[in-house]
Amino acid sequence: MTLPKHGVFMLGRLVQVSKNYRSVIRACMEDMHQAAVSARDPALHSQYSTQVSILSAMELIWNLCEILFVEAAVAGPLLLRLLDWVRLHVCDVDNMVREVLSSENPSKHELFWNVVDVFVLQGRMDEARHLLSKEASANPTSVNMCRILDDLMKKMPVPSLGNTQTLTEMELKWQHWHEECQRYLQDGTFASNSHMESICKILLGDENAILEKKELMTTWYHFLVTRLLYSHPTVKPMELRFYAQSSMDLFLGGESSPEPLDTILMAAFEFELHQVIKECSIALSNWWFVAHLTDLLDHCKLLQSHNLYFGSNMREFLLLEYASGLFSHYSLWQLGVDYFDHCPEYGRVYLELHIERIPLNTEQKALKVLRICEQRQMHEQVRSICKIMAMKALRNNRLGSALSWSIRAKDAAFATLISDRFLKDYCEKGCFSDLDLIDNLGPSMLLSDRLTFLGKYREFHRLYGEKRFSEAAKLLLMLMTAHIAPCSFWMTLLTDALPLLEQKEVIFSAEQTYELMRCLEDLTAGKSDKQKFQDDDVETMKVEMLRLALARNLARVIVKEGTLEGS
Amino acid sequence: MGAPAALQACPSSLDNRISIWSVGDLGNVGLNGEYQGEPQLLCDIRHNGDVMDMQFLDQERIVVASSTGNVTIFRHHQNNQTLSANQRWEKAHYHVDRDASCGGAACTGVICSNPEIVTVGEDGRINLFRADQKDAVRTIDNADSSTLHAVTFLRTTEILTVNSIGQLKIWDLRQQRNEPSQIFSLTGDRVPLHCVDRHPNQQHIVATGGQDGMLSIWDIRQGTMPVSLLNAHEAEMWEVHFHPSNPDHLFTCSEDGSLWHWDTSTSVSEKPSFLHQGGRSTTYFSHNTINQSVVSAWLSNDPTKDRMEITNLIPNQTLSVNSLDILGPCLVYGTDAEAIYVNRHLFA
């Protein structure tokens with residue numbers, strides 16, 4: 001596994017990211033622990049406690065993966081990191097340690113030797129030596145033995161962090177030290193003190209001696225690390241697999257079967273990444289863990305990009321699953337968007353499908369969704385969402401809102417629909433509703449022809465109301481001649497012209513009157529004979545009245561215009 | 001805003017809650033005045049529907065506008081640190097059929113002037129309530145054909161509303177007719193307006209924020225169009241607030257995740273000395289400059305002469321900043337990332 005040139009820098013960042021994930025898990029654990037402690041309902045308490053242990057297991061697994069996979073290329077002995085891992089996570093013994101250390105006479109405490117054993121098992125030599133010195137000062141007879149043991153512990157070669165020694169040097173030193181320990185044991189130096197003798201055996205890596213301390217280690221992976229510490233301290237990552245299974249077998253001893261956590265850790269030790277992910281997916285009820293871990297491992301270039309059946313790779317598959325889950329939450333869907341953005345193959349498609357299905361209970365939420373769509377040029381979805389909102393508004397009789405949504409989507413068809421609704425209302429009620437909207441359409445009037453007509457028609461009414469008849473007349477005519485008005489409305493417009501024609505003063509010029517007559521003829525000619533037959537009396541009377549009014553106006557205006565010319 | 005407490009509405013797990021937090025005097029102050037200690041949750045209570053807006057009615061009572069159309073007054077009992085629902089107007093805002101199960105319309109804005117409460121909603125309705133009175137004092141149905149997004153008091157009997165077709169309207173509540181007394185609108189496209197606030201001292205100056213993130217300053221004494229349009233955010237401006245005691249400072253927050261501090265205090269560079277020394281004007285200032293200096297910097301039309309300092313107060317912006325509030329040196333804002341931020345040293 002090789003990293004590109006900028007690899008070291010990148011690696012540092014990836015390790016930092018991994019640590020961030022772990023601190024987040026720990027923070028959740030803290031919060032959950034607080035909640036468990038303060039919960040008064042016992043069922044709730046046990047639920048929270050279960051959550052704490054699950055989170056703890058998650059952090060354990062993640063930490064191991066970080067050591068084995070993410071940090072793998074970093075120089076630094078594997079064993080030291082594994083020791084840290086064990087020390088951090090196997091804390092069942094912490095209480096006992098605290099108890100002994102804080103007592104007045106630690107060496108007299110009944111659990112004294114247990115604590116020394118714990119330190120030795122975890123490779124905490126300095127602390128073990130410190131306790132031994134207490135024993136030496138308290139018990140003069142064992143001073144000699146303590147000194148020798150202390151010396152052995154002090155001299156124990158550990159793989160160093162800086163590369164001050166080569167591997168061969170280290171192994172030579174270790175071999176030498178191992179032999180020295182062997183000699184002391186065989187000489188019977190520690191024969192009179194069984195505790196110290198067993199410690200010496202542990203130092204020699206005697207498996208049985210280590211296994212005797214099962215309760216102090218509590219887990220098979222602790223056993224594994226201790227075993228490695230005292231028999232193969234220079235172990236390399238790839239060699240772990242040889243020791244892992246046997247450690248678990250020896251530790252469990254056929255008494256109990258491995259639990260899901262054990263299977264996952266075993267897979268990690270054996271460097272079966274896919275197995276780790278698979279086991280975690282099965283064991284955990286939430287995609288969060290696997291999705292993020294896989295993503296991290298993918299960034300470390302550790303996952304082979306063998307395609308799954310449906311074309312995307314493992315990382316993307318898991319992220320898509322996780323993000324889809326987020327979309328069903330009423331506020332976390334916004335995070336889901338970011339996840340989809342980072343799925344190059346199917347992210348966009350998934351986003352398009354999910355975003356249209358977010359329930360839009362308030363306009364504010366709809367606006368947030370729209371903003372997300374617009375930022376990603378998802379025009380289809382913008383149109384569809386605006387249409388949904390506009391329809392809702394229309395159904396609730398909020399014509400202004402409906403128009404506002406059509407403007408956002410630049411949906412001319414819908415704007416036409418709204419205008420027709422206004423016009424229908426006008427025809428039925430004889431007056432305009434929502435004047436504040438129609439009077440203030442502004443440039444949005446141009447969105448659709450029907451909307452323009454609506455605005456202009458209202459303007460006509462306003463002009464008429466303000467008694468600016470000639471302007472009103474001009475506008476009215478223009479609406480018909482410029483074909484802004486829909487044909488269905490012409491009759492209404494012509495009827496609106498009647499009062500203008502009936503005014504004392506002549507308003508329409510001859511030119512204009514001819515135009516009006518032409519419009520009327522166009523309208524009636526357009527009707528088939530059958531329609532004319534079906535027209536009721538009111539219709540025919542209207543037409544007749546119009547014809548009469550137009551003719552009368554024409555007569556008057558000819559006279560008027562003729563007279564002016566004459567003088 | 002009362003004692004050093006911040007009000008927050010946050011959706012958490014399954015339900016929405018109203019929470020009261022204490023941002024006490026303990027703790028360290030970080031580099032940019034950010035409060036380092038955690039705000040402590042004092043009490044909270046479940047709320048039905050999204051919290052669209054809320055305001056303190058007095059030291060103890062809070063009025064909350066819900067997406068279900070309800071308007072509720074909650075009381076904060078400071079002796080035992082609990083919250084209780086004091087009064088509720090069910091379906092204060094509704095579409096067509098009030099009794100239908102989904103008939104409620106979101107109440108989008110609420111403004112209080114003890115004991116009066118004015119609410120507006122997606123149904124285009126304006127309600128005037130009085131605390132402790134069961135029925136609405138006055139309701140203007142169909143006040144607007146589009147959604148009313150925000151409301152604020154102009155004078156004690158007049159309110160300002162903004163709607164989703166870009167109009168700013170003044171309503172006189174003394175008059176019985178259901179028409180606005182004045183309508184202002186933006187030039188050009190009718191971009192929806194989302195928020196409105198009035199200058200605390202000079203009541204003719206009004207600021208509004210739009211869906212395109214534009215900040216508009218209006219002088220309602222003159223004209224029907226804004227005095228200045230300032231290109232601000234890249235997305236909807238959700239809230240705009242003049243600082244109540246330092247009105248040369250304005251704050252806006254937006255969907256694009258930023259919170260801007262607009263500072264015009266530097267532009268009114270020379271305050272006429274007669275304002276400080278009681279009475280005598282110096283010959284240093286001509287008549288014109290005196291008038292000009294007294295006029296608010298917000299209405300100034302000369303961008304070259306007056307420098308406005310604009311700062312984004314959020315270093316790493318991610319999700320939308322939905323709401324903010326300011327009092328004295330304290331700024332509080334909430335984001336879509338389910339976080340509230342408190343800055344207690346705004347002018348440090």
Side-chain angles (χ1 to χ4, degrees), chain A residues 27 31 34-35 329-335 337-338 359-372 374-375 389-390 392-408 410 418 421-422 425 432-447 451, chain B residues 10-16 49-50 52 66-68 94-97 102-108 121-124 142-149 163-167 169 179-180 183-192 194 211 224 234-236 238 255-256 318-320 322 336-338:
Chain A
D31 284 346
Q34 288 298 326
H329 193 272
Y330 69 91
S331 72
L332 292 176
W333 58 270
Q334 288 176 299
L335 301 176
V337 174
D338 276 332
L360 303 171
N361 54 332
T362 61
E363 288 197 1
Q364 197 178 14
K365 197 165 177 189
L367 288 171
K368 286 181 187 278
V369 172
L370 278 175
R371 190 56 67 178
I372 289 169
E374 279 169 1
Q375 278 168 352
M389 297 304 291
K392 245 198 255 180
L394 210 57
R395 253 201 317 246
N396 289 324
N397 233 356
R398 316 287 325 138
L399 293 174
S401 291
L403 185 64
S404 160
W405 290 110
S406 340
I407 293 173
R408 176 84 185 248
K410 302 203 203 344
I418 298 168
R421 181 73 175 261
F422 271 114
D425 278 351
F432 285 107
S433 60
D434 305 316
L435 279 178
D436 65 330
L437 170 64
I438 309 175
D439 278 344
N440 292 292
L441 283 173
S444 60
M445 210 189 326
L446 301 171
L447 184 60
L451 200 56
Chain B
C10 62
S12 66
S13 59
L14 298 168
D15 45 19
N16 290 316
D50 295 343
M52 306 296 294
S66 165
S67 62
T68 56
Y94 57 95
H95 289 303
V96 190
D97 186 4
C102 54
C107 175
T108 51
E122 280 182 14
D123 55 351
N142 218 15
D144 201 304
S145 63
S146 65
T147 300
L148 288 167
H149 281 131
N163 66 12
S164 59
I165 43 174
Q167 294 173 323
K169 296 183 182 175
E179 301 281 323
I183 302 181
F184 302 85
S185 46
L186 297 165
T187 50
D189 289 326
R190 296 286 186 258
V191 176
H194 284 288
Q211 201 171 87
T224 55
E234 287 161 9
E236 286 84 354
W238 294 124
E255 175 72 20
D256 69 3
T318 47
L319 292 179
S320 164
N322 292 323
D336 263 343
E338 297 191 358

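Throughout, protein chains are lettered first and strands after them, A, B, ... in sequence-line order, and every chain is numbered starting at 1.
Contact annotation for A:Leu399: only backbone heavy atoms (N, CA, C, O) come within less than 4.5 Å of a heavy atom of chain B. Within the 4.5 angstrom heavy-atom criterion, atoms from both the backbone and the side chain of B:Gln211 approach chain A. Residue A:Arg371 touches chain B through its side chain alone, counting heavy-atom pairs closer than 4.5 Å. The contact between A:Glu363 and chain B is made by backbone and side chain atoms together, counting heavy-atom distances below 4.5 Å. Using a 4.5 Å cut-off between heavy atoms, A:Leu403 does not touch chain B at all. Using a 4.5 Å cut-off between heavy atoms, A:Lys368 touches chain B through backbone and side chain atoms alike. At a 4.5 Å heavy-atom cutoff, the contact between B:Asp336 and chain A is made by backbone and side-chain atoms alike. Proximity to chain B (any heavy atom under 4.5 Å) is restricted, for A:Arg408, to the side chain, taken from C-beta onward. Residue B:Ala106 touches chain A through its side chain alone, counting heavy-atom pairs closer than 4.5 Å. For chain A, the nearby part of B:Glu255 is the side chain; its heavy atoms alone come within less than 4.5 Å.
Side-chain atoms of A:Ser404 come within 3.5 Å of backbone atoms of B:Ser164 as a donor-acceptor pair (strictly under, hydrogens ignored). Panel note: side chain B:Thr147, backbone A:Ser401; no donor-acceptor pair is recorded below 3.5 Å.
When each of B:Met52, B:Arg190, B:Glu234 is scored by its heavy-atom pairs under 4.5 Å with chain A, the top score falls to B:Arg190. In terms of heavy-atom pairs under 4.5 angstrom with chain A, the leader among B:Ser145, B:Ser146, B:Gly124, B:Ser320 is B:Ser145. Considering only heavy-atom pairs separated by less than 4.5 Å from chain A, the leading option among B:Ile183, B:Leu319, B:Asp123 is B:Asp123. Counting heavy-atom pairs closer than 4.5 Å to chain B, the top residue among A:Asn397, A:Leu335, A:Leu332, A:Leu367 is A:Leu367.
Residues B:His95 and A:Arg398 meet the side-chain proximity criterion, which asks for heavy atoms closer than 4.5 Å.
With sequence neighbours excluded, no residue forms a side-chain hydrogen bond (donor to acceptor under 3.5 Å, both in side chains) with B:Thr108. Contacts of B:Lys169 classified as salt bridge (Lys or Arg N to Asp or Glu O under 4.0 Å), with partners at least two apart in sequence or in another chain: A:Asp436, B:Asp144.
How far OG of B:Ser67 is from NZ of A:Lys365: 9.5 Å, rounded to the nearest 0.5 Å.
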